[in-house]
Amino acid sequence: KKEEYSQMMAVFFAQQSSESHKQASLAELLGVKKELLEEEIRRRELIHNWLIASEQGISKGSRSGKKEHRTAGTAENIGNASRTRGLGEKEIMSKVYYGQKGKQEAVLKFLQMVIEEKALQTLFLFSDENMSWLLESKEFAQKWTKMLLQVLQKGCRVKVIHTVNRTIDELRAGFEKWLPLYLTGGVEPFYYPKTRDGLFKRTIFIAPSTAAVVANSVGDKIKNTANLLVEDRKLLAALLLEYEELLRLCRPLMRIFQPKNKLSYIPAISQIEEAIADSLYFSTYFSHYTIPPDVAKEVFASLPHPLRAIFTDYQQKRQDGLASMIKKHRFTEVIQLPQNIPDEGIEMTYSFPYMALPLRLCFSRPHIVRHLQNVIKLLEKYPNYRVVFAQKENKLPVSIFIKEDTGVIMGKNYIPDCLFIFKESHLVGSFWVDFQQWMEQEAVAAPDKKGTIVRLHELIASLSKN
């Protein structure tokens, strides 16, 4: 029976390790050259032999009276180092850190080891444990962000599986912590789409060439959790295989586009923009949705012909879509009015529609005046169009467009450009609620539309003086 079981396991793992990166991890686990694992039949034989050898080693240890299995809950060595019997062949040294502060210490040590590692690598991160270890201490969160940025700036990449079935406050706080990291373009986020019971939870952070942090907890109880920092290469390879099995069940949390993607992002953002629902737009200036057609034509005149035709068509569709949508659905723009505009105009950054352009779009003072005049026309004509003024300077370097129950488009307002699109319902809902709350606290709407229009006329007058 043991022989049949070993054969079944060998067949399964041989089939699951057809990709090159999995074969590399498997080769390290088996202690053989990667080239020997290219054919499935050979992989199956080697895995089967390894399983049999491991089983014989365990049986031999039991017959000789050696105590191979320790009772759960017994600590042979409480402190920094712990010996763990693993893989059927040797004792593995690991460092153990206890509780929430221990997890923080283990994670910082892990990141420091990655920073000091010469080799570039991809980090694999997952945690569905209580987030208090990351969110409760601002000092720790700053260190964590700073060190992860160092890892990314070094040239490493990060794959992270997020847990989206959290509270809105946790999602918001978590996204705020990850935003600076997303903006580097070096993070690939995923999520597990199905509901879990939430009883047993796990943290697994892996740097395949360096170390891993592993922890388990019950519910939200992490006060006394043991967090292991391990460096054994075979154990790292086994943990990576475990992570890859989880990743196989996940979906991308968002699509990330950069200028190298050329115009491939246009269909993706159009799908969200064209959906019929209430919309919110947040940036340092009015959106591209309200640029008058004649202004768009003049600004696009400096573009090469193919791009000029593509974006002229895109702009016309967005304006037609806005006019149709706001007949029945609300469109709110939260903007910060420009203070000092030089005579030569300003370079406007409309990151998510125009990321592929080889140059920034330059709007002269007359262009801006005509844009503001068009905004006033929209306010007068459509009850569902609203403008809210930001009270404070926008320190968030992004433009955000949210379509209720549909999706979020977020673009960087500085070079190098980067565009994020996500549709996961929990995250979209969190953004929508959080944005509404932010408007109440950090922005101000005029008492009525007449007040808004008065402010815009005052700005037009100041721009027209010269």
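- No hydrogens or angles considered: a donor-acceptor pair under 3.5 Å links the side chains of N216 and R202.
- Using the six-membered ring where Trp is involved, F401 and F331 have ring planes that are tilted, between 30° and 60° apart.
- V160 has its side chain out of reach of F190: every pair of non-hydrogen atoms, C-beta onward, lies at least 4.5 Å apart.
- To the nearest 0.5 Å, atoms CE (M325) and CG (D278) are separated by 8.0 Å.
- Note: Q153 CD to L148 CG = 10.5 Å, rounded to the nearest 0.5 Å.
- Here the closest non-hydrogen pair linking V230 and L236 is O-CD2, 3.9 Å.
- Residues Q100 and K103 form no side-chain contact, since every pair of their non-hydrogen atoms from C-beta on lies 4.5 Å or further apart.
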Practice problem: Would you please test N227 and T203 for side-chain contact (heavy atoms from CB on, under 4.5 Å) and show each step? | Solution: CA-CA 9 Å; N227 304 276; T203 290; 5.8 Å; no

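- Crowding of Q112 atom CD: a count of heavy atoms from other residues, nucleotides or ligands under 6.0 Å exceeding 12.
- The shortest distance between side-chain heavy atoms of V107 and W144 falls below 4.5 Å.
- Minimum heavy-atom separation, A277 to T406: CB-OG1, 4.3 Å.
- Between the side chains of E273 and Y314, a donor-acceptor pair is found at a separation under 3.5 Å.
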Practice problem: Let me see the working for M147 and I115 under side-chain contact (heavy atoms from CB on, under 4.5 Å), right down to the final yes or no. | Solution: CA-CA 8 Å; M147 295 181 76; I115 292 169; 4.1 Å; yes

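- S137 approaches Q104 most closely through the heavy-atom pair CB-NE2, 4.2 Å.
- A heavy-atom distance below 4.5 Å is found between the side chains of D320 and Q316.
- Looking only at atom types and distance, the side chain of N49 has no donor-acceptor partner in the side chain of E45 under 3.5 Å away.
- Taking the ring centroids of F431 and F422, they lie under the 6.0 Å cut-off.
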Quiz item: Going through the distances and angles, do E242 and I204 end up as a side-chain contact (heavy atoms from CB on, under 4.5 Å)?
Solution: CA-CA 10 Å; E242 176 188 336; I204 178 169; 4.3 Å; yes

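- The side-chain heavy atoms of T122 and K159, taken from C-beta on, include a pair separated by under 4.5 Å.
- In this structure, a donor-acceptor pair under 3.5 Å is absent between the side chains of E117 and Q121.
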Exercise. Run the numbers on Y289 and Q319 for side-chain contact (heavy atoms from CB on, under 4.5 Å), then give the verdict.
Key: CA-CA 6 Å; Y289 302 104; Q319 288 162 352; over 6 Å; no

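- Using cut-offs of 30° and 60° on the angle between ring planes, the pair H288 and Y281 is perpendicular.
- The side-chain hydrogen bond (donor to acceptor under 3.5 Å, both in side chains) search around S217 returns E129, not counting sequence neighbours.
- The salt bridge (charged side-chain N to carboxylate O under 4.0 Å, His left out) analysis of residues 138-154, with sequence neighbours excluded, yields the pairs E139-K143.
- P252 places none of its side-chain heavy atoms less than 4.5 Å from the side chain of E188.
- Note that CD1 of I161 is 4.0 Å distant from SG of C250, once rounded to the nearest 0.5 Å.
- Side-chain atoms of Y192 and D128, non-hydrogen and from C-beta on, never get closer than 4.5 Å to each other.
- A distance of 12.5 Å separates OH in Y191 from NE2 in H162, rounded to the nearest 0.5 Å.
- Atom CZ of R386 sits about 13.5 Å away from atom CD1 of I326, to the nearest 0.5 Å.
- Remark: R318 engages E274 in a salt bridge, criterion side-chain N to carboxylate O under 4.0 Å.
- Looking at T332 and V388, their side chains come closer than 4.5 Å, going by heavy atoms from C-beta outward.
- Minimum interatomic distance between A211 and M113 (heavy atoms only, all atoms of both residues): CB-CE, 3.7 Å.
- With values rounded to the nearest 0.5 angstrom, Y243 atom OH is found 6.0 Å from L125 atom CG.
- For the residue pair Y385 and E333, a side-chain donor N or O sits within less than 3.5 Å of a side-chain acceptor on the partner.
- Closest approach of L229 and V213 over heavy atoms only: CD1-CG2, 3.8 Å.
- Relative ring orientation between F435 and F282 is described as perpendicular, the plane-to-plane angle rising above 60° on a 0-90° scale split at 30° and 60°.
- For the residue pair V428 and D405, the shortest heavy atom distance occurs at CG1-N, 4.1 Å.
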